[in-house]
Amino acid sequence: MQLKYKQIPRAILVLEDGKVFEGKAAGYKGTTTGEICFNTGMTGYQEIFTDPSYTGQVVIMANVHIGNYGVTALEVESDSIKISGMVCKKFNDGFSRKAGQKSLSDYFTEQKIVAISDVDTRAIVRYIRDKGAMNCIISSEIDDISELKKQLGSVPSMAGLELSSKVSCTSSYFAGNPESVYRVALIDLGVKKNIIRSLVERGCYVGVFPMKTSIEEIMKFNPAGIQLSNGPGDPSVMKDEIELIKKIVDTGLPVFGICLGHQLLALSQGIPTYKMHAGHRGINHPVKNLLSGKCEITSQNHGFSVDAEKINQNKNIQVTHVNLNDGTIEGIKILNKNAFSVQYHPEACPGPWDSRYLFDNFVNKIQNYCKAAPAI
């Protein structure tokens, strides 16, 4: 008997500068666009794909095998897949993990995520690393390169693009024990679920608020601390949120910013941000804690950073963490306020747990604030 093999359709990846890669179609058959970036993590693909910070981005997975352990509802970080598309070397239709509930192929097809496999991801990653992040288009339905380039020409640049409003919640919701003394108001700029879980695990009652919520509405919740979440897009264009965070910081409440929240905290204090050459994405980025002298292996996902020169000129801001690969700012503390932030992801889904102590530090600040607050 002669075996019959499934014919896999061709797919094409075209970069903004005209570079073309050909491979095989994976996931949903169609066409998608976004800013191409790469993640160096060897595991945690489902958490990556559902991270709202990846909104508007096509992700190259540097690890060879993607989809080999399937997907499960326990490993989602938001309500849906947030990447615009995916590039990988080997895309597995099946999976071997008992806990897996479905294949990545079915998951992508259900949520209409276009992907390309069987390309030289090492070559593409090296290309992006050298040339810098740029827009791209993937198609498994259009063979005409000139047509793909035409469509790609209308895709907006990530610089100057506000995306948080696409993934922020539309109404407030709550998590944890309502009787808890420690209430945390979380500003949802594109929050990952494990940030909320990390606060609840430490005894906090968390109120999650849409990014456009007024400070008056937030204060009605009577929070003892404010969490600024991660999220996608260019922070410099989020003028309303910058002004909101400035007001929040001025209340004297403990404030903890993560990723986009870190960038917006810096902007609220007059520190500009800039678009990075290729960004940091992975679960193996070394960061030094300048306060303790210890190093941490961190989970990261960002394409913007805060201006180190301007921070060093500001006497009210202390740099607390730096990236050991390129020296970029990874953490700050506002000395004359009760606020601090980090550029990376201490909730670590996926990633090592080296930085989870930051949530403990935040809760300690909340406890100290509650002790010092006058009785009503």
Side-chain angles (χ1 to χ4, degrees), residues 34-35 37 39 44-59 75-86 111 113 133 156 158-175 184-199 206-213 218 226-242 244-245 248 255-268 273 275-276 279-281 298-306 341-351 359:
E35 181 186 67
C37 62
N39 187 294
Y45 55 75
Q46 190 178 357
E47 293 94 326
I48 292 166
F49 299 156
T50 56
D51 178 354
S53 293
Y54 277 111
T55 299
Q57 293 183 310
V58 172
V59 185
E75 292 171 359
V76 297
E77 284 298 311
S78 65
D79 58 355
S80 65
I81 298 176
K82 293 299 189 292
I83 60 171
S84 293
M86 193 270 290
Q111 300 201 28
I113 302 299
M158 186 64 72
L161 198 60
E162 188 280 303
L163 292 172
S164 283
S165 58
K166 295 181 179 294
V167 290
S168 177
C169 60
T170 55
S171 59
S172 302
Y173 62 95
F174 306 90
V184 174
L186 187 150
I187 312 303
D188 180 10
L189 306 163
V191 69
K192 291 174 66 180
K193 288 185 177 181
N194 206 44
I195 292 177
I196 300 171
R197 285 193 293 262
S198 295
L199 293 169
V206 183
V208 183
F209 294 90
M211 58 182 279
K212 294 298 183 182
T213 307
I218 293 168
I226 307 287
Q227 178 82 66
L228 310 176
S229 84
N230 62 296
D234 186 343
S236 66
V237 298
M238 301 175 69
K239 305 301 181 183
D240 292 344
E241 288 65 44
I242 293 169
L244 171 64
I245 291 169
I248 286 172
V255 177
F256 178 22
I258 293 174
C259 199
L260 180 61
H262 159 79
Q263 297 159 7
L264 291 172
L265 177 64
L267 284 161
S268 77
T273 56
K275 194 174 190 306
M276 303 175 75
H280 296 159
R281 295 172 184 89
T298 66
S299 177
Q300 303 212 6
N301 172 21
H302 63 103
F304 293 84
S305 188
V306 298
S341 62
V342 291
Q343 180 61 79
Y344 51 98
H345 285 258
E347 80 286 348
C349 260
F359 288 105

| Does the H302 side chain pair with the main chain of F304, one donor and one acceptor, at a distance under 3.5 Å? | yes
| query | Is the shortest heavy-atom distance from the side chain of N39 to the side chain of Y54 under 4.5 Å? | reply | yes
| request: Would you name the heavy atoms of D234 and M238 that are closest together and state the gap between them? | output: O-CG, 3.8 Å
| said: Within the 4.5 Å heavy-atom criterion, are M158 and Q57 side-chain neighbours or not? | reply: yes
| Heavy-atom closest pair, residues S172 and P210 | OG-CD, 3.6 Å
| request: Any chance you could measure D188, atom CG, to Q227, atom CD, to the nearest 0.5 Å? | output: 11.0 Å
| query | Among T213, I245, I218, which one satisfies side-chain contact (heavy atoms from CB on, under 4.5 Å) with I187? | reply | I218
| remark: Here the pair of heavy atoms bringing V59 nearest to I83 is CG2-CG2, 3.6 Å
| query | Does any non-hydrogen side-chain atom of F256 lie less than 4.5 Å from one of V342? | reply | yes
| request: State, without any angle test, whether Q46 and E77 hold a side-chain donor-acceptor pair at a distance under 3.5 Å. | output: no
| field | Criterion side-chain contact (heavy atoms from CB on, under 4.5 Å) against V167, the qualifying member of P52, S78, S53, S80 | value | P52
| message | Quick one, T298 and H280 - any side-chain contact, counting heavy atoms below 4.5 Å? | response | no
| field | Donor on one side chain, acceptor on other, S164 and K166, under 3.5 Å | value | no
| When rounded to the nearest 0.5 angstrom, what distance separates OG in S236 from CG in L161? | 10.5 Å
| Approximate separation, where rounding is to 0.5 Å, of Q263 CD and L267 CG | 7.5 Å
| If you measure from CG on L244 to CG on L228, what distance do you get to the nearest 0.5 Å? | 8.5 Å
| If we only count heavy atoms from C-beta on, is the R197 to N194 side-chain gap below 4.5 Å? | yes
| task | Taking the side chain as every heavy atom from C-beta outward, state whether M211 and E162 have any pair of such atoms under 4.5 Å apart. | result | yes
| task | Looking only at non-hydrogen atoms, find the nearest pair between P232 and L260 and report the distance. | result | O-CD2, 3.8 Å
| request: Quick one: pull up SG in C259 and NZ in K192 and give me the separation to the nearest 0.5 Å. | output: 9.0 Å
| How about F359 and I195: do any of their side-chain heavy atoms sit closer than 4.5 Å? | yes
| field | Nearest heavy atoms of Q343 and S305, plus distance in Å | value | OE1-CA, 4.2 Å
| message | So K82 and D79, do their side chains get closer than 4.5 Å, heavy atoms only? | response | yes
| query | Can you tell me how far CG of L264 sits from CD1 of I248, rounded to the nearest 0.5 angstrom? | reply | 10.5 Å
